[in-house]
Student: 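Take this structure first; my questions come after.
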There are 2 protein chains.
Amino acid sequence: MTDMRLPLYQRLRDDMLARIAAGDWAPGTAIPTEAELTKYYGVAVGTLRRAVETLVQDGLMERSQGRGTFIRRPNFDGSLFRFFRHVDSQGERRVPTGRVMVRHEESAGRRVADALGLEEGASVVYLERVRQIDGQTIFHEQIWLDTRRFAPLLTVDPADFGNLLYPFYEQQCGQLIGAAEETLSVATASQAMADRLSIDPGQPVIVIERIAKGYDATPLEFRRSTGDAGPFRYRVDIT
Amino acid sequence: MTDMRLPLYQRLRDDMLARIAAGDWAPGTAIPTEAELTKYYGVAVGTLRRAVETLVQDGLMERSQGRGTFIRRPNFDGSLFRFFRHVDSQGERRVPTGRVMVRHEESAGRRVADALGLEEGASVVYLERVRQIDGQTIFHEQIWLDTRRFAPLLTVDPADFGNLLYPFYEQQCGQLIGAAEETLSVATASQAMADRLSIDPGQPVIVIERIAKGYDATPLEFRRSTGDAGPFRYRVDIT
DNA sequence: GAGTGGTCTAGACCACAGG
DNA sequence: CTGTGGTCTAGACCACTCT
């Protein structure tokens with residue numbers, strides 16, 4: 001354990017974080033019990049507890065009384081849902097389908113290279129994807145990935161990409177997405193984008209740029225999603 | 001103390017919350033020390049601590065080692081700043097000036113009545129306000145307030161409203177704002193709005209609807225702010 | 001019933017702010 | 001120096017889950 005003069009619970013936290021990043025503790029599985037961990041680390045329960053609490057706070061773990069503490073998988077559908085409220089007649093969430101339309105290799109421009117932490121001109125995998133509900137396109141997505149990590153995607157038939165990409169990355173490329181940061185902005189629809197989204201050119205669209213990262217915070221995917229701004233709604237609490 | 005079968009630390013939390021709402025503990029001042037509070041409540045420090053932690057978490061208190069624990073004032077400029085990055089050449093935040101242009105009494109429509117928890121047609125104070133940086137209008141604001149609580153505002157010369165409204169509410173009407181919820185959406189500028197914001201009609205605008213509440217969660221103010229969507233940017237972290 | 005996390009206590013020692 | 005919150009411990013008892 002890195003013995004800086006940090007509080008013990010923070011050093012515990014860092015160590016547990018490293019275990020997740022290293023894959024020792026896999027998403028969806030339970031971590032060892034409090035008794036085991038306190039014994040292993042040689043600390044009191046309260047201290048361990050505090051470390052775990054910060055990880056729960058950050059959304060990396062989930063505790064469940066009587067069952068255990070689990071590594072959480074980030075919920076990206078929830079993200080979409082924070083901004084666009086697509087519900088069916090029963091008020092249940094509707095997750096749009098995803099279909100890859102374009103897939104090729106290209107060289108990274110400035111923006112993409114910056115986002116992925118690569119040199120400009122580095123080889124990247126490019127995907128274009130539409131996300132639909134009831135056959136209607138809700139989002140148009142452009143996706144860039146480092147070819148060195150995601151080369152397997154170049155040999156797969158675009159039609160064979162699953163509905164969800166992140167489990168696919170995990171299976172095909174062994175790349176785990178642990179977190180992401182998204183930046184929203186507003187633009188107006190070009191003719192091409194308007195056609196795709198069935199809106200009028202010049203109408204406002206929401207552009208969501210996402211940098212998805214591994215559990216060790218390495219940027220793995222850069223994604224730009226564009227959708228009609230009409231159904232966009234976002235709620236914030238201020239204190 | 002309400003002796004439900006809630007955990008002790010939650011009951012402590014509720015009691016402290018009530019003290020803030022009642023004005024026993026004023027924003028900006030320190031609450032009693034841990035020693036006093038544990039004695040008063042008859043609980044262990046750890047338990048009191050946990051209660052305070054949840055309040056810190058919710059942004060209602062701030063702890064400072066060696067100094068004490070303080071009731072926090074909500075920072076609404078920070079809110080604006082989360083969405084629009086107005087900085088000067090040194091990279092410092094620029095808070096727009098505020099000027100009340102219109103002030104009268106009217107009867108609440110559906111939307112306003114709902115937001116403020118009033119009956120439709122109830123009397124409300126209506127304000128129209130522009131917020132500017134370097135003489136340029138950044139936001140146009142419409143504000144509605146329950147006349148029963150904010151009647152003093154009707155007798156003030158609109159020019160005498162201060163740059164900031166919440167301290168003014170506090171001084172003139174004894175109404176303390178403790179929190180708020182904001183909902184963002186996108187619209188297109190009408191001719192009138194475009195003129196006010198110096199943009200072209202039909203260009204996208206961000207509409208921020210805010211319901212500001214007292215420390216006891218009573219809705220006190222309903223505000224609709226409209227600004228150019230061009231400089232809008234919002235960042236979210238997903239886990 | 002056995003095992004898990006959830007609540008609560010009592011007290012020690014440390015680090016920082018301010019007179 | 002005194003008083004504040006920050007860290008850490010050790011252990012008791014409760015509530016829940018699963019078999």
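Only a predicted model underlies this, so the values are computations on that prediction, with no experimental measurement involved. Just so we're on the same page: letters track the sequence lines, and every chain starts at 1.
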Student: Between D/dT4 atom P and B/I31 atom CD1, what is the distance in whole Å?
Tutor: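 Value for this atom pair: 12 Å.
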Student: Can you tell me the distance, in whole Å, between the CD atom of A/E53 and the C1' atom of C/dG5?
Tutor: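 Checked: the CD to C1' distance equals 11 Å.
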Student: Kindly determine whether A/R131 and A/T137 satisfy side-chain contact (heavy atoms from CB on, under 4.5 Å), including the steps that lead there.
Tutor: CA-CA 6 Å; A/R131 306 208 61 179; A/T137 299; over 6 Å; no
Student: Measure CG/B/L48 against P/C/dG11 and give the value in whole Å, please.
Tutor: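 Value for this atom pair: 16 Å.
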Student: Considering every strand and a 4.0 Å limit on heavy-atom distances, what is the contact class for A/R50: base, sugar-phosphate, or nothing?
Tutor: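 Contact class for A/R50: sugar-phosphate only.
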Student: Under 4.0 Å between a side-chain N or O of B/T33 and OP1 or OP2 of D/dT4?
Tutor: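 Result: yes.
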Student: 5'-most contact on DNA chain D: A/T47 or B/E34, nearest heavy atom basis?
Tutor: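 Its nearest nucleotide being more 5', the pick is B/E34.
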Student: If only side-chain N and O atoms count, and only distance matters, is there a donor-acceptor pair under 3.5 Å linking B/T97 with B/Q132?
Tutor: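 Checked: B/Q132/B/T97 side chains show no N/O donor-acceptor pair below 3.5 Å.
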Student: Whether B/R67 contacts C/dC16 is assessed here as follows: a side-chain N or O lying under 4.0 Å from the phosphate OP1 or OP2. Is that the case?
Tutor: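 Indeed not, no polar side-chain atom of B/R67 lies that close.
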Student: Is it the case that over 12 heavy atoms from other parts of the model lie below 6.0 angstrom from the CZ atom of B/R82?
Tutor: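 Counting other residues, nucleotides and ligands, CZ of B/R82 exceeds 12 neighbours.
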Student: May I ask you to check whether A/Q175 and A/Y166 show a side-chain donor-acceptor distance below 3.5 Å?
Tutor: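 Not at all, the side chains of A/Q175 and A/Y166 share no donor-acceptor pair under 3.5 Å.
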Student: Does the side chain of A/Y169 pick up a donor-acceptor pair with the side chain of A/E221 at under 3.5 Å?
Tutor: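 Indeed, the side chains of A/Y169 and A/E221 share at least one donor-acceptor pair under 3.5 Å.
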Student: Can you check the B/F70 CZ to C/dA17 P distance for me, whole Å?
Tutor: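 Spelled out: CZ on B/F70 to P on C/dA17 is 12 Å.
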Student: For the pair made of NZ in B/K39 and P in D/dT4, what is the distance, rounded to whole Å?
Tutor: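 Whole-Å distance recorded here is 12 Å.
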Student: Just the rounded figure in Å: distance from P of C/dT9 to CG of B/L37.
Tutor: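 Atom CG in B/L37 sits about 14 Å away from atom P in C/dT9.
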Student: Can you see if the side chain of A/Y9 gets near the phosphate of D/dT7 - specifically, an N or O under 4.0 Å from OP1 or OP2?
Tutor: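 Indeed, a polar side-chain atom of A/Y9 lies that close.
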Student: When you measure only distances, ignoring hydrogens and angles, does the side chain of A/R49 come within 3.5 Å of the base of C/dG6 through a donor and an acceptor?
Tutor: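 Checked by distance alone, the answer is yes.
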Student: From D/dA15, D/dG5, D/dT7, pick the nucleotide closest to the side chain of A/Q65?
Tutor: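 It is D/dA15.
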Student: Hey, does the side chain of A/T69 come within less than 4.0 Å of C/dG5's phosphate (OP1/OP2), counting only N and O?
Tutor: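 For C/dG5, OP1/OP2 do have a side-chain N/O of A/T69 under 4.0 Å.
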Student: A/M61 has an atom CE; how far is it from atom C1' of C/dG5, in whole Å?
Tutor: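 In whole Å, C/dG5 C1' lies 14 Å from A/M61 CE.
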Student: Starting at atom CD of A/E62, determine the distance to atom P of C/dG6, rounded to an integer number of angstrom.
Tutor: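 The answer, rounded to whole Å, is 12 Å.
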